[in-house]
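All residue numbers in this chain count up from 1 along the given sequence.
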Amino acid sequence: QVQLAESGGGLVQAGGSLRLSCAASGRTARSNAMGWFRQAPGKDREFVASISWSGGSIYYADSVKGRFTISRDNAKNTVYLQMNRLKPEDTAVYYCAARSDYSASYQLMGYDYWGQGTQVTVSS
């Protein structure tokens with residue numbers, strides 16, 4: 001089992017920045033590929049970014065490419081999502097997820113463990 005706890009959400013003006021953190025604990029937490037997803041009201045959960053266990057493979061959704069950066073610190077069992085130039089359409093609950101696999105993936109069904117989510121609200 002892997003437990004995930006997100007933090008760092010909040011309210012920010014358009015053009016601002018936030019950094020989300022996801023602390024992982026439990027068995028094999030260090031060897032999991034990790035991802036960030038988000039879900040806006042009335043919409044399906046969608047892929048944002050993913051990083052392999054080594055950090056050598058990273059994927060981004062087109063909507064966040066060039067603005068968001070995913071990274072990880074395996075010594076701290078923590079994954080980060082740095083979000084810059086935020087837009088109102090980035091408003092959503094952001095979820096951290098872990099795979100029982102080393103490789104990154106953009107597919108929601110490829111993730112086995114999920115955090116509770118953290119709210120990000122971007123005002124115009």
Side-chain angles (χ1 to χ4, degrees):
Q1 280 284 32
V2 176
Q3 291 80 44
L4 304 172
E6 304 98 335
S7 61
L11 173 64
V12 65
Q13 288 188 332
S17 298
L18 282 174
R19 189 175 83 154
L20 305 183
S21 299
C22 173
S25 60
R27 192 172 65 89
T28 70
R30 191 170 298 181
S31 60
N32 297 105
M34 303 290 292
W36 287 96
F37 292 76
R38 67 187 182 186
Q39 188 166 17
K43 295 188 176 181
D44 293 334
R45 193 169 297 188
E46 65 175 9
F47 170 73
V48 175
S50 178
I51 186 168
S52 63
W53 75 275
S54 68
S57 179
I58 290 175
Y59 300 138
Y60 293 103
D62 287 343
S63 59
V64 307
K65 205 171 291 183
R67 299 188 298 121
F68 290 11
T69 302
I70 189 171
S71 61
R72 67 188 299 160
D73 183 340
N74 285 344
K76 296 181 179 180
N77 286 339
T78 300
V79 176
Y80 304 97
L81 185 68
Q82 177 66 45
M83 305 186 294
N84 298 329
R85 304 201 310 275
L86 282 159
K87 304 175 181 180
E89 52 263 44
D90 294 318
T91 295
V93 177
Y94 282 70
Y95 296 91
C96 175
R99 303 188 71 207
S100 299
D101 192 273
Y102 297 159
S103 59
S105 173
Y106 58 86
Q107 295 182 331
L108 186 148
M109 293 190 67
Y111 289 80
D112 302 291
Y113 307 100
W114 293 85
Q116 293 298 307
T118 185
Q119 177 70 46
V120 171
T121 302
V122 185
S123 63
S124 57

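- Contacts of Tyr59 classified as ring-ring contact (aromatic ring centres under 6.0 Å, His included), with partners at least two apart in sequence or in another chain: none.
- Rounding to the nearest 0.5 angstrom, the gap separating the CZ atom in Arg45 from the CZ atom in Arg38 is 13.0 Å.
- For Phe47, the ring-ring contact (aromatic ring centres under 6.0 Å, His included) partners two or more places apart in sequence, or in a different chain, are Phe37.
- When all heavy atoms are compared, the tightest approach of Thr78 to Ala23 is OG1-CA, 4.1 Å.
- In this structure, Glu89 has no side-chain hydrogen bond (donor to acceptor under 3.5 Å, both in side chains) partners at least two apart in sequence or on a different chain.
- Of the inter-residue distances, the one linking Thr69 atom OG1 with Met83 atom CE reads 11.0 Å to the nearest 0.5 angstrom.
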Checklist line | Pair Cys96-Trp36, side chain to side chain contact (heavy atoms under 4.5 Å, CB included): steps then yes or no | finding: CA-CA 5 Å; Cys96 175; Trp36 287 96; 3.9 Å; yes
Taking only distance into account, with no hydrogens and no angle test, what donor-acceptor pairs under 3.5 Å do side-chain atoms of residues 104-111 form with protein atoms, sequence neighbours excluded?
residue, atom, partner, partner atom, Å
Ser105, OG, Gln107, N, 3.0
Tyr111, OH, Ser50, OG, 2.8
Tyr111, OH, Ser105, O, 2.5

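- The shortest non-hydrogen separation linking Thr91 to Val122 is OG1-N, 2.9 Å.
- A salt bridge links Asp62 and Lys65; the closest N-O separation between the charged side-chain nitrogens and carboxylate oxygens is under 4.0 Å.
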Margin query: Apply side chain to side chain contact (heavy atoms under 4.5 Å, CB included) to residues Tyr95 and Leu4 and explain how you reach the verdict.
Written below: CA-CA 9 Å; Tyr95 296 91; Leu4 304 172; over 6 Å; no
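- One hydrophobic cluster holds both Ile70 and Tyr113 under the rule that ILVMFWY side chains link at heavy-atom gaps under 4.5 Å.
- A disulfide bond (SG atoms under 2.5 Å apart) check over residues 39-78, counting only residues at least two apart or in different chains, returns nothing.
- Under a hydrophobic-cluster definition in which Ile, Leu, Val, Met, Phe, Trp and Tyr are linked whenever side-chain heavy atoms come within less than 4.5 Å, directly or via other members, Val12 and Val64 are assigned to the same cluster.
- Of the inter-residue distances, the one linking Asp90 atom CG with Ser63 atom OG reads 7.0 Å to the nearest 0.5 angstrom.
- Listed for the Glu6 side chain is no donor-acceptor partner under 3.5 Å among the backbone atoms of Cys22.
- Two residues are said to be in side-chain contact when any heavy atoms from C-beta on lie closer than 4.5 Å; Glu46 and Asp44 fail this criterion.
- Residues in residues 100-124 take part in these salt bridge (Lys or Arg N to Asp or Glu O under 4.0 Å) pairs, two or more places apart or across chains: Arg99-Asp101.
- Distance check, rounded to the nearest 0.5 Å: CG of Leu18 to CG of Leu11 gives 8.5 Å.
- For the atom pair OG (Ser21) and CD (Gln82), the distance works out to 9.5 Å, reported to the nearest 0.5 Å.
- Between the side chain of Asp73 and the main chain of Ala75, a donor-acceptor pair closer than 3.5 Å is present.
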Notebook entry, point to check: Could you go step by step and tell me if Leu86 and Phe68 meet the side chain to side chain contact (heavy atoms under 4.5 Å, CB included) rule?
Noted result: CA-CA 9 Å; Leu86 282 159; Phe68 290 11; 3.8 Å; yes
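- Closest approach of Ala92 and Ala40 over heavy atoms only: CB-N, 3.8 Å.
- Distance check, rounded to the nearest 0.5 Å: CE of Met34 to OG of Ser52 gives 12.0 Å.
- Hydrophobic clustering (ILVMFWY, side-chain heavy atoms < 4.5 Å, transitive): Ile51 and Tyr60 are in one cluster.
- The two residues Val2 and Ala98 make their nearest non-hydrogen contact at CG1-CB, 4.4 Å.
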